[in-house]
Amino acid sequence: MAKVNPIQLQKHLKGMEYPASKQDIVDYAKQQGADNNAIAVLEQLPEEEYETPTDVNKAVGEVQ
């Protein structure tokens, strides 16, 4: 699986309201046109509430 660029990922999550669940984040990224690779990585995140975009980036870094 290719790495996800955190800057690109945050562009797809711009405007996301936090806290957000994993499913909220995946759904929002899909609506914003994130590519299949980014969606695949987001779908591997732990099932939890994410308080900030930084929390999402940290979790993505741990998944990759």
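When a residue number appears, it is its place in the shown sequence, counting from 1.
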Next item on the list: Would you mind listing every side chain to side chain donor-acceptor pair (under 3.5 Å) that reaches into residues 27-36, with sequence neighbours excluded?
Entry: Q23-D27
Next item on the list: Measure across L42 and V60 and return the closest heavy-atom pair with its distance rounded to 0.1 Å.
Entry: CD2-CG2, 4.1 Å
Next item on the list: Find the distance between CG (L45) and NZ (K58) and round it off to the nearest 0.5 Å.
Entry: 13.0 Å
Taking distance alone, no hydrogens or angles, what donor-acceptor pairs closer than 3.5 Å link side-chain atoms of residues 7-17 to residues at least two apart or in another chain?
from: Q10; atom 1: NE2; to: P53; atom 2: O; distance (Å): 3.4
from: Q10; atom 1: NE2; to: N57; atom 2: OD1; distance (Å): 3.0

Next item on the list: Would you confirm whether K22, through its side chain, and P46, through its main-chain N or O, come within 3.5 Å as a donor-acceptor pair?
Entry: no
Notebook entry, point to check: Do D24 side-chain atoms and A20 backbone N/O form a donor-acceptor pair below 3.5 Å?
Noted result: no
Next item on the list: Identify the heavy atoms of Y50 and Y18 that sit nearest to each other, and give their distance.
Entry: O-CD2, 3.3 Å
Note to self: Strictly distance-based, threshold 3.5 Å: is any side-chain N or O of E48 a donor or acceptor partner for the main-chain N or O of S21?
What the structure shows: no
